[in-house]
Amino acid sequence: MKILLIGSGAREHALAWKIRQSSITDELWLWPGSPTLLAHGKRLDIGNDARWEDLARFAKNQGIDFVVVGPEQPLEDGFADACKLLSLPCFGPEQAAARLESSKAFSKEVMAAAGIPTAAFFVVKGETECRKKAVECLQRTGGAVIKASGLASGKGVFVCFDEQSIDDACKRLYYSGMAKAAETVVIEEVLKGRECSFFVFMGEGAPTPLGFAVDHKRLQDGDVGPNTGGMGCYTPVPWLPLDAGDRVMKAVVHPLTAELSKRGLKYTGCLYVGLMWNDDGFAVVEFNARLGDPEAEVLVLHDRRDWTQLIAMKLGLLPDDPQFVNEADQNTGATVCVVLASSCYPYGDTPTGRYVVPRETFANRDTSLCVFAAAVRSERDELVTGKGRMITVVSHAATFSAARAKSYTYIDGLTKDWTGVQFRTDIGAGLES
Ligand code: AMP
Ligand code: GLY
């Protein structure tokens with residue numbers, strides 16, 4: 001099959017690596033791609049500023065059999081709808097269903113209608129109402145979470161425990177370039193517990209769970225420091241109850257599918273369920289309409305199934321095979337990934353240090369140790385680090401301690417002469433296998 005993968009980050013690099021391994025992948029096409037991604041396929045020859053409709057038409061004319069969408073923006077913009085108009089199968093939901101991520105107000109309203117456990121909430125408009133409801137929530141419950149309803153690159157959520165932090169959140173939401181995402185705001189009660197996420201491939205046939213992962217969002221060891229896009233991740237999640245997956249399918253995924261279907265919506269793509277677990281059970285923190293980053297990087301190594309075939313089944317291009325999809329039960333061991341970020345991450349713009357990464361770093365011949373790139377660009381035939389989250393190192397082994405040791409030993413070698421790189425040293429620490 002001829003497959004087109006949309007995106008350019010480490011998640012897409014991991015997906016490209018996975019898609020390439022399938023016996024049904026004849027050609028992998030990439031857009032916009034990246035220097036490291038392009039080792040896995042060919043770039044679709046259309047400009048980076050192409051309109052989504054034009055990209056879909058170009059892909060169709062190129063004879064692409066189906067498209068896999070990595071990031072959320074194309075989905076919010078209606079790329080899957082453009083594909084549908086051309087009968088080009090797309091793994092990623094249409095705009096109306098992608099609102100589960102792009103509108104937190106819509107997502108909460110759907111959860112409430114479907115009876116899905118989630119924090120109590122209010123939807124507000126404008127700074128005055130936002131402050132009023134947040135302060136009321138704080139006084140009533142001891143805390144308040146303030147969330148821009150629209151996409152805000154992970155920067156639009158504020159967990160507040162005093163009036164000063166509510167004030168700071170309002171300043172960020174209404175006066176620092178986030179006003180569009182914050183046209184509508186969700187105020188919700190603070191959930192207590194441990195966070196993890198659950199991933200499901202949806203489409204034709206029964207939904208196929210991929211499992212749970214934990215992303216470490218804070219910059220520094222011990223879960224302190226500023227929030228980031230994710231500094232490292234592990235799967236599976238040994239502190240969850242054994243029936244956690246079944247419980248989430250029953251209380252979240254099935255009611256969600258039924259509620260969407262009542263509204264005439266069908267969800268095709270990966271559903272990301274953000275969860276908070278405590279002694280009383282769990283609640284949904286958020287939905288995303290895609291795989292997580294860096295969660296995708298651990299899942300592609302941990303899940304030994306052929307994702308290209310799985311995706312083709314979800315798109316109705318191959319017959320649904322329950323035997324095949326249940327093979328995940330045979331997954332064993334542990335997978336840990338660590339993100340290497342530039343010195344200026346997450347706030348600054350100017351990294352100290354610039355590192356030439358040997359091309360061999362990304363050869364990824366060993367399926368139990370892989371290196372995926374985000375901010376690595378090509379300069380005069382060399383691969384050079386940029387800024388932000390740059391590289392993800394992933395290892396699979398029999399135990400968490402062995403997987404950790406493998407990732408960190410590799411990172412010690414890779415970063416020996418690399419100044420100004422930051423990474424956490426405690427990803428996957430203290431876990432049972
Ligand atoms: P979201 O984008 O909605 O996932 O929020 C980003 C992060 O904010 C989550 O991963 C949580 O760490 C935190 N968060 C969001 N909502 C809540 C909540 N109701 N209670 C506690 N923490 C929350
Ligand atoms: N790792 C968090 C996300 O992808 O949203």
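Residue numbers count from 1 along this sequence. Just so you know, ligand 1 is whichever comes first in the structure, and atom 1 is the first atom listed for that ligand. Computed over heavy atoms, backbone and side chain alike; hydrogens, waters and symmetry mates excluded. This one's a predicted model, so the numbers in the text were calculated from it and none came from an experiment.
Ring pair Phe400/Tyr234 is perpendicular by interplanar angle, where above 60° counts as perpendicular and below 30° as parallel. The aromatic rings of Trp31 and Trp52 lie perpendicular to each other, with more than 60° between the two planes, well past the 30° mark. The aromatic rings of Trp307 and Phe201 sit perpendicular to each other, their planes meeting at more than 60°, with 30° as the lower class boundary. Between His13 and Phe362, the ring planes are tilted. Angles from 30° to 60° get that label.
Annotation: atom 5 (O) of ligand 2 to nearest protein heavy atom, Arg290 NH2, 2.9 Å.
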Test salt bridge (charged side-chain N to carboxylate O under 4.0 Å, His left out) applied to Glu129 and Lys133, step by step
CA-CA 6 Å; Glu129 197 188 4; Lys133 286 291 183 193; 5.9 Å; no
Which is it for Lys18 and Glu12 under the salt bridge (charged side-chain N to carboxylate O under 4.0 Å, His left out) test, yes or no, and what are the steps along the way?
CA-CA 10 Å; Lys18 186 78 166 163; Glu12 289 75 28; over 6 Å; no
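Between Glu295 and ligand 2, at least one pair of N/O atoms sits closer than 3.5 Å. Checked by distance only, ligand 2 and Asp215 come closer than 3.5 Å through their nitrogen or oxygen atoms. Taking any N or O of Lys217, backbone or side chain, none lies under 3.5 Å from an N or O belonging to ligand 2.
Of all atoms in ligand 2, listed by their number and element, those nearer than 4.0 Å to a heavy atom of Asn288 are 5 (O). Close contacts of ligand 2 with Gly229, meaning ligand atoms under 4.0 Å from a residue heavy atom, involve 1 (N), 2 (C).
A centroid separation of 6.0 Å or more is found between the aromatic rings of Phe91 and Phe66.
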Could you list each N/O atom of ligand 1 together with any protein N/O atom closer than 3.5 Å, one pair per line with the distance?
{"residue": "ligand 1", "atom": "2 (O)", "partner": "Lys104", "partner atom": "NZ", "Å": "3.0"}
{"residue": "ligand 1", "atom": "2 (O)", "partner": "Glu286", "partner atom": "OE1", "Å": "3.3"}
{"residue": "ligand 1", "atom": "3 (O)", "partner": "Lys104", "partner atom": "NZ", "Å": "3.1"}
{"residue": "ligand 1", "atom": "3 (O)", "partner": "Lys147", "partner atom": "NZ", "Å": "2.9"}
{"residue": "ligand 1", "atom": "4 (O)", "partner": "Glu286", "partner atom": "OE1", "Å": "3.0"}
{"residue": "ligand 1", "atom": "4 (O)", "partner": "Glu286", "partner atom": "OE2", "Å": "2.9"}
{"residue": "ligand 1", "atom": "10 (O)", "partner": "Glu195", "partner atom": "OE2", "Å": "2.6"}
{"residue": "ligand 1", "atom": "10 (O)", "partner": "Lys217", "partner atom": "NZ", "Å": "3.1"}
{"residue": "ligand 1", "atom": "12 (O)", "partner": "Glu195", "partner atom": "OE1", "Å": "2.5"}
{"residue": "ligand 1", "atom": "12 (O)", "partner": "Glu195", "partner atom": "OE2", "Å": "3.4"}
{"residue": "ligand 1", "atom": "16 (N)", "partner": "Lys147", "partner atom": "NZ", "Å": "3.0"}
{"residue": "ligand 1", "atom": "16 (N)", "partner": "Glu188", "partner atom": "OE2", "Å": "3.4"}
{"residue": "ligand 1", "atom": "19 (N)", "partner": "Glu188", "partner atom": "OE2", "Å": "2.7"}
{"residue": "ligand 1", "atom": "19 (N)", "partner": "Glu189", "partner atom": "O", "Å": "2.9"}
{"residue": "ligand 1", "atom": "20 (N)", "partner": "Leu191", "partner atom": "N", "Å": "2.8"}

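For Arg51, the salt bridge (Lys or Arg N to Asp or Glu O under 4.0 Å) criterion is met by Asp54, not counting sequence neighbours.
Heavy atoms of other residues, nucleotides or ligands lying less than 6.0 angstrom from CZ of Arg20 number more than 12. No more than 12 heavy atoms of other residues, nucleotides or ligands lie within 6.0 Å of NZ in Lys155, so this atom counts as exposed by the packing criterion.
Using 4.0 Å as the threshold, Gly292 has a heavy atom nearer than that to some atom of ligand 2. Using a 4.0 angstrom heavy-atom cutoff, Arg11 does not count as in contact with ligand 2.
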